[in-house]
Amino acid sequence: MKNLDRFKGLSTTAIHGGENPGPSTRDSAPPIHMSSTFHVEEETSFSAAGFSEDNPYVYSRWSNPSVDMLSRKIAALEGTEDCACFASGMAAATSMFLSFLSSGDHAIISDVAYAGVSEFARDTLPRYGIEVSFVDMSDLDSLRNAFKSNTRLVHAESPANPIMRISDLPKIAELAKQAGAVATCDSTFSSPIATRPTEFGFDLVMHSVTKYIGGHGDALGGAVAGSRDMVGRLRSESCIHHGGIMSPFNAWLISRGASTLPLRMKAHEANAFAIARWLESHPKVTRVLYPGLKSHPQHRLARTQMKNFSGMIAFQVGSMENGEKLAETMRSGLNVIHYAVSLGHHRSLIYWLSTDAMIESSFKLKGDQLESYRALAGDGVFRFSVGLEDPEDLIDDLEAALA
Ligand SMILES: *Cc1c(COP(=O)(O)O)cnc(C)c1O
């Protein structure tokens, strides 16, 4: 991967990063390389061990020009040497865990994280002899106490889904480094426009590019960015052997979406501010969690590590009963906003996440950790991914539902 992708500004990088179409056709817009295999002109090694990013294209599970284009764009946006793309955000997350952890190792994972990551860490990793501690990473003393002599990986997520809890990324990276553990960060809610975790010392940053980076709700994908060495290891182990690679068509769609990421993030943030303030003034809304608002308990920390507060809001409407009633109204009664999971799209998406259900199915928290979750989530939150529609239309929709 040549380093032709760096420009002064992130907007130029988002548009031109990774895009250098072949000299013979002189395309302005990049083509889609759907070929699964390539003409081999020189005998090449058939083993993942012999693969480097300078290899000629051989077979698309190893590398593909359209997927490379997106990888280079994301690496340029994150400011890292390299990036590997996967079929989904979950494939990206599991690639890190399965490539950097072995039987007998210990991992520390944020006790509130994407539900699939939590469940994988709890239910699958132990079957491979990997011990996991789930830690509230916003509490640095708990994190400090969780390290063991065999801790090999620390996984953070900020803001954490769905309660918008912020973790102190530079401090977490420092503690991981002192312990000689790989520090990984799920930065899906922030996007590289808000936060670049490797600048704070993280080794690897992952995204569900299904969300903000793709941005249009029409393609699943995942990415992990970091140093050439570490991403190279992911590529040879996870892409080539586990096989959860991204399709060239998805890479092309997501790359097209990523071109407008800086512009979209500004608009997501502006809309989210307008909606969060409106929600705060609504009598039936009991709590609004948006890192950009002073009322967010970690607003000051958020300001030190988020250059954009993104478009994700969580809000409460009092009791569990109120939440379930409002969710029912929303399932049938919204005009513009879609009652649907996922996030980061140009279309607004909202979803009710009851605390009891999240704790029972995904997080299994007890004691102080459950208290810490409830302190932000109450009986449950509406997770609102504020899209790019006009805020007055979004407010009309919410107003009618809350009436
Ligand atoms: C959606 C999501 C994932 C999983 O990504 P998929 O593309 O759905 O597999 C991981 N982490 C976060 C924070 C997410 O929002």
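We count ligands from 1, going down the list as the structure has it; atoms in each ligand are counted the same way. Computed from a predicted model, the values in this text were never measured in an experiment.
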Worksheet entry | Any donor-acceptor N or O pair under 3.5 Å, side chains Q369, D111 |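 Yes, D111 and Q369 have a side-chain donor paired with an acceptor closer than 3.5 Å.
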**Study point:** Donor-acceptor side-chain pairing of Y57 and D68 below 3.5 angstrom
**Key:**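 Yes, D68 and Y57 have a side-chain donor paired with an acceptor closer than 3.5 Å.
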Please list, in number order, the atoms of ligand 1 under 4.0 Å from a heavy atom of [X].
X: G221; result: 7 (O)
X: M90; result: 4 (C), 5 (O), 6 (P), 9 (O)
X: T210; result: 7 (O)
X: E157; result: 13 (C)

- Return yes when L343 approaches ligand 1 closer than 4.0 angstrom through a heavy atom, no otherwise.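 So L343 counts as touching ligand 1.
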* Run the contact test for G344 against ligand 1 with a 4.0 Å cut-off on heavy atoms, strictly below, and give the result. =>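 G344 does not count as a contact of ligand 1 under the 4.0 Å cut-off.
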For the ring pair [X] and [Y], is the centre-to-centre distance below 6.0 Å?
X: F363; Y: Y373; value: yes
X: Y212; Y: H268; value: yes
X: F273; Y: Y290; value: yes

With backbone taken as N, CA, C and O and side chain as the heavy atoms from C-beta onward, which portion of D186 lies under 4.0 Å from ligand 1: side chain, backbone, both, or neither?
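Side chain only.
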Have a look at P291 and tell me which of H299, Q298, M164 forms a side chain to side chain contact (heavy atoms under 4.5 Å, CB included) with it.
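Checked H299, Q298, M164 against P291; only one passes side chain to side chain contact (heavy atoms under 4.5 Å, CB included): M164.
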inquiry  = Is there a polar contact, in the sense of an N or O pair closer than 3.5 Å, between S208 and ligand 1?
reply    =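 It does: an N or O of S208 is found under 3.5 Å from an N or O of ligand 1.
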Would one find an N or O of F189, backbone or side chain, under 3.5 Å from an N or O of ligand 1?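 In fact, backbone or side chain, F189 has no N or O that close.
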